[in-house]
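Taking it in order: structure first as structure tokens, then the write-up.
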Amino acid sequence: MKDNAVSSNRPIQQTLATYGGLLVAILVLLGFFGVFAKNFLTTTTLLTMANSIPDITVLAVGMTLVLIAGGIDLSVGSVLALSACFLGWLMVDLKLPLWLASLGAIALGACCGGLNGWISSAFRIPAFIVTLGMLEIARGSAYWITDSNTKYVGSSLGWFSDPIAPLGVSASFLIAAAVVLAGQWLLHQTVLGRLAIAIGTNAESVRMAGIRTTAPMVTLYAICGGLCGLAGMMQSARLSTVDPNSGAGMELSAIAACVIGGTSLRGGQGSVVRTFFGVLVISILQTGLAQLGATDPIKRIVTGGVIILSVLLDSLRKQSAIR
Amino acid sequence: MKDNAVSSNRPIQQTLATYGGLLVAILVLLGFFGVFAKNFLTTTTLLTMANSIPDITVLAVGMTLVLIAGGIDLSVGSVLALSACFLGWLMVDLKLPLWLASLGAIALGACCGGLNGWISSAFRIPAFIVTLGMLEIARGSAYWITDSNTKYVGSSLGWFSDPIAPLGVSASFLIAAAVVLAGQWLLHQTVLGRLAIAIGTNAESVRMAGIRTTAPMVTLYAICGGLCGLAGMMQSARLSTVDPNSGAGMELSAIAACVIGGTSLRGGQGSVVRTFFGVLVISILQTGLAQLGATDPIKRIVTGGVIILSVLLDSLRKQSAIR
Amino acid sequence: QPKASNTSLPPASPDKPKIALVMKSLANEFFSTMAEGAKQHQSQNSPQYELIVNGIKDERDLARQAAIIDEMIAAKVQAIVVAPADSKALVPVLRRAKLAGLVVVNIDNKLDEEILKAESLTVPFVGPNNRLGAQSVGQYLAKSLKPGDQVAVLEGIRTSFNATQRRLGFEQAMKDAGIQIVDSQSANWETNQANTIAASMLNAHPDLKAILAANDSMALGAMAAIKAANKTDTVQVVGFDNISAAQEAIRQGKMLATADQHGDQLAVYGIELALKLLQDPNSIPEDRETPVDLITAGSLPQ
Amino acid sequence: MLKLDALTKDFATRAVDQVSLEFAPGQVHALLGANGAGKSTLCKMIAGLIQPSQGSMLLDGKKYSPDSKRQAQSAGVQIVHQELNVLATLTLAENLFLSNLPNRWGILSRRTMHRRACEILSDFGLGDLDPHALASSLGVGQQQLLEIAANTWQPTQVLILDEPTAALSNRESQRLFEKIHLWKHQGVAILYISHRLAEVQALADRISILRDGKLQGTWSRGELQECDIVSQMTNPSKSMAPISSTLRPSPAVSTRQALRVEQLWLSPKVQEVSFSLRAGEILGVAGLVGSGRTELLRAIFGADRASGGSLQVADKPACKPFRNPNEAVRSGLVMISEDRKADGLLLTESIAANIQLPMLDRTGLGRFALTQARQARCLAETYCRDLAIRCDSSNQSVGTLSGGNQQKVVLAKWLERDGAVFLMDEPTRGIDVAARELVYEVIRNLAKAGKGILVVSSDLEELIGLCDSIGVMSNGRWTTSFSGPNYEPQAILEAMFAGYSPP
Ligand SMILES: Nc1ncnc2c1ncn2[C@@H]1O[C@H](COP(=O)(O)OP(=O)(O)OP(=O)(O)O)[C@@H](O)[C@H]1O
Ligand SMILES: Nc1ncnc2c1ncn2[C@@H]1O[C@H](COP(=O)(O)OP(=O)(O)OP(=O)(O)O)[C@@H](O)[C@H]1O
Ligand SMILES: [Mg+2]
Ligand SMILES: [Mg+2]
């Protein structure tokens, strides 16, 4: 439970206690698929996996920050699509240079996020409903910008998703890794991060302490939105297209990753690094099941079961650790 | 805020204060579409609408109960599909009589719900993740039962959805109305309802009062699941088909209806009757936009906007009432 | 009914090639029939090849389909037979597959010519012409309507190539017959959405004579709306895909016609082409148009 | 320097009625009044947390009308709330500096923070705590100290302390008083609220008394006797027995056993505790803050799962410690917990619903049984009368009651549920002098009815006056027991420290 306590004594036990359960889950999954799926435990498969997770990782990091602050953002998938489409429009129709277009896409995402944060925080409306509204609005706008067409953007974004020669992983992956670390750092080492935890624990107490909660909430949501924009760029780069349908349903995957990683939906608790492990659990499961060629019913039943089990095991482990 | 306080003095003001904001929203929407959409304010359209909402109404009632108790059920759409498919299987393949098959479908729904409640309550796992897992499992099972095929069940369930001659509304609608009243009654007049509110307000206080929370939570989730089964029957009857894809995304609509109706996602507060008004807001919006022939982008942008606005107005109204 | 030819299959090799069939969504009857057909073909020809079948959860989730193709490349399959969820977005990842030395065959939904050209790629296509299929359904409907009658169209997801093709086919047929399309909305391939939208269409346009749905699921929703509005005798419905529920409805006279693209054969054709290419990498693949048949009460076995 | 002019606040009823007061720098101004008299409401208006309905304030001669706590803070007005606001997921240091985290460009300066936190914590007698530890590891008393520290380390002009000592024992209180003297010398105007009259007599330069929202008057130190204060606080029509005359142990302790605790462990804070409680006995538990008394009670009640030991309720065979409160309640235990906000009350629910809560399990018809709303209301009204709970109606939500009245609701809830053994953790926390007598009376009556009662209190005088015998917890161990009625306070105090001294 006490992930936030940064204590430097007994570092190994500490690390094990914090990440142990998840690591075991990941190893079990890897082992299982390694045995049953051919060519699963190969460099190619692992690199493929690494190169396909940057977008969901980046989304999940943003979601973790928002969840920790006691919010939720259901619009991440739609905002991803909207910023990707906006990027396509800026690049293809307006022919802006890549860096400017990217900046524009991320800024648009940040605006959507900031708006979510502002409305929910300033008017004390549940974030769930505000972001549900934003989900619809952003998706509609994405259709509107693209005229409901998938747009080909060519290889201009290619450097983003192409594997870097000696490493085998793409620039996206490295950026995503950096985002994870930056998120963890933000949470523990900055005023904003500490305020996020405080607000998530008890917003009323924070207000009683004379602190305004709107500004930090807007910032956090804007970060989450900006990360959606980044994820949109990553996805567009990977597919060389911008697609107004992209990211549908990704909000639930992102939340699942956070919760598997132990982030509390009631706010106040969570860790970005653990969220990353949650993403790994989900993506190993997906890839493994695809390589096994499991049928759709089985895929879904197994996915659901593993999601529940991994959280269940973690909870049982913690309870026994307390005793 | 205190919808739960049943006070009998000043009944009209009280009713207005409780339902006023929502009624205004509904009237505004009706007026708007009445002016701009052809043939909107006609008996036929209104009856069509009345006959198309029973399933979402019943789902939303179950969701309200669960939300008030501080839980959430993301699996309602999938469980709806699963029970509908199970119903189809019992009726078409096993040739069971309708009443037995219906009972079976509702029982299956209740089991899924009960399982959700038991896992999340007994092991203290966030309901969000448990029901997210159940979402996948139930959907997978629905595909599995039907072999991913839509099944035509013809008019065997017809009496359920056919308009009753003098009234113009279907049996489904009447049942849904009864469910709303029963839900409100359950919430305010029974021990289970009091416990739901108490647990949603502060589960720890309830535990420290020496009351077990697992049994009531299981019951509430099972009721929600059983209502999903009922909704599945209603939808199958209306569409004359059982379809493993049905109900996808309905969990978000149901939650939206609850929140528009003022149910708190943090638990402890809510009203079943107000949820019904929330359902009306959503369905008037959907029908009206379809009748206007709006394009998909516009539909989504407007839906999102209205969802946010209606909650925003309600919140502003309450704040000004306090002052 | 067209049958896949079993004659030209290569002989069994000691190192059986692995073929990946990547579809849109296994949750859809059309694709589950397709998968079923492919599996059956594989079990009949098990010495020749191995088969992995994969679909995505949501037809719109392009990213996941692209990821699956990457994963199949990593799993070292020799050929990929793909029904792309999007005609544009899948091209780059398929180019990766080709670069990795895989045989790629496109079925069902044709990849975009321009983008194939932009990525300098040739992929053989096996599939039906959705536009002509929809047009023939529309023409059959037009026979029972008069010029000037009002009809409405339920479209699929707008971004999907099939949806556009079918809508264009319907529109062409209606234009040819002088019939007026008064309303055209997307119900995203879904029964329940189609039900709501069709009900509204019936209310907004009381003189509607027919609803043309771009797939059978939406046709089922439209039928329910018509029944609820008590207009079973005046409003007709046509669909596309020939799922079993639609056949039932056609038999009962509640639906007029649908189109069959023979999903079970589609994948088989693709697999056969892939096997041929595997055996003889230098052969020049040709696109192959598969038949789309009009299904009416008359053409169904009773 | 701070002047209140006809300050008024209306809720459903008028909570503060035309109060005009003046606070001078370097003075401790005590504010007294019965529960619900409006003390906290008045403070909240001064601190900018709520806005007055009427009236105005002047600070240093300038108009002062803060619309947020932030504004009040920047004008130099600080408040320590009656209710705890410690954030359990943050560290002690972060809680201390929450409104002003030391940073450079938004990045925490952890080292600076740590250093200053160490200084401040040791200043408040929390020096043995690690500033990096999470606040969730603190007991209520320590949280209270932390809260005081967090709101007072910055220099201020006006400092409001709303019942700061309610959860503190003598040692901590003494340390706080030293700090108060220091602030006084620095010229801070201090507004001090407490229900402990002895404290007030010792500290206050001036005393103001509120009754039903109205100011009764202001007196200088020494002008009032305790009995005058009480008579000013309470309504003369409702006469109360004079204090301390009834403070005599009750006679009827039987030899029947009510509860026997054997070698109970709840590591690390409760270590092999054994004692027994007879029917009709009031057994007090004394100890310092953090000595593990709350943990002991929670372990007995099954709120936390004990790691070892056994329990014996009445003459039933000894059994393992309870696994959850449900088992405990069914075996006849009830517990009034210390932290009413976290685990005692449903704050947004009505008084009636709160009192009814423990009964919900008892209805024979099961869960679909109808609730007796009317019956619950009648019941609540009876308790409101008997325990003098100040409220608008039994429908008022508990969160809007004053602190002391909330405590009375907790009491009422368990009195209604009834049991053979009562575990009470700080039962009079925040309850005013007069009502406290009422609570003592209730406790004695319970004892007379043959219940076993275990009372934890930080107020040693209370224990001495109330209990048939007193056990002392020190550093997690049950060190000694004393039996009444003639205690030696000095010996008890020594026993409280015994566990901490080096062997
Ligand atoms: N938000 C509110 N809504 C309605 N009534 C309120 C609210 N806050 C306080 N009151 C009422 O105002 C009165 C004064 O409360 P207050 O908290 O000021 O009392 P107090 O003097 O601090 O008592 P205590 O000694 O018990 O802390 C009480 O009767 C209480 O019920
Ligand atoms: N959740 C917890 N985790 C770890 N330690 C805890 C926890 N809660 C309390 N403690 C420790 O237990 C000790 C005893 O708690 P507590 O202060 O409640 O005891 P107490 O004797 O009842 O004192 P108080 O007067 O504060 O009620 C404290 O020193 C505290 O550090
Ligand atoms: Mg008070
Ligand atoms: Mg204590």
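All chains are named by letter (A, B, ...) in the order of the sequence lines, taking the proteins before the strands, and each is independently numbered beginning at 1.
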Original post:
Is there a donor-acceptor contact under 3.5 Å from the side chain of C:K88 to the main chain of A:T150?
Top reply: yes
**OP:** State, yes or no, whether a side-chain contact exists between A:T295 and C:K39 at a heavy-atom distance under 4.5 Å.
**Re:** yes
Subject >> Considering all heavy atoms, the nearest A:L289-C:N54 contact >> reply: O-OD1, 4.4 Å
Original post:
Quick one: what part of C:E50 sits under 4.5 Å from any heavy atom of chain A, side chain, backbone, both or neither?
Top reply: side chain
Subject >> Winner by heavy-atom pair count (cut-off under 4.5 Å) against chain C, out of A:S52, A:S240, A:A290 >> reply: A:A290
Original post:
Looking at C:D86, C:V91, C:I68, which makes the most heavy-atom pairs under 4.5 Å with chain A?
Top reply: C:D86
Subject >> Contact class of A:Q235 relative to chain C, heavy atoms under 4.5 angstrom >> reply: side chain
**OP:** Might you point out which heavy atoms bring A:L239 and C:P92 nearest each other, and give the distance in Å?
**Re:** O-CG, 3.2 Å
Original post:
Which bit of C:I157 is near chain A, if near means a heavy-atom gap under 4.5 Å: side chain, backbone, both or neither?
Top reply: side chain
Original post:
Of all of C:I115, C:D70, C:I52, which one pairs up most often with chain A through heavy atoms under 4.5 Å apart?
Top reply: C:I115
Original post:
Where on A:T241 is there a heavy atom nearer than 4.5 Å to chain C: the side chain, the backbone, both, or neither?
Top reply: side chain
**OP:** Sort A:A294 into side chain, backbone, both or neither according to what part of it lies under 4.5 angstrom from a heavy atom of chain C.
**Re:** backbone
Subject >> C:R96 to A:R238 - nearest heavy-atom pair and separation >> reply: NH2-O, 4.1 Å
Original post:
Using non-hydrogen atoms only, which part of C:V53 is less than 4.5 Å away from chain A: side chain, backbone, both, or neither?
Top reply: backbone
Subject >> Where C:K76 and A:T44 come nearest, the two heavy atoms and their spacing >> reply: NZ-OG1, 3.7 Å
**OP:** Name the member of A:T287, A:V242, A:N149, A:L47 that forms the most heavy-atom pairs with chain C at distances under 4.5 Å.
**Re:** A:T287
Original post:
Of all of C:A66, C:S186, C:A63, C:A67, which one pairs up most often with chain A through heavy atoms under 4.5 Å apart?
Top reply: C:A63
Subject >> Where A:T48 and C:E71 come nearest, the two heavy atoms and their spacing >> reply: CG2-N, 3.8 Å
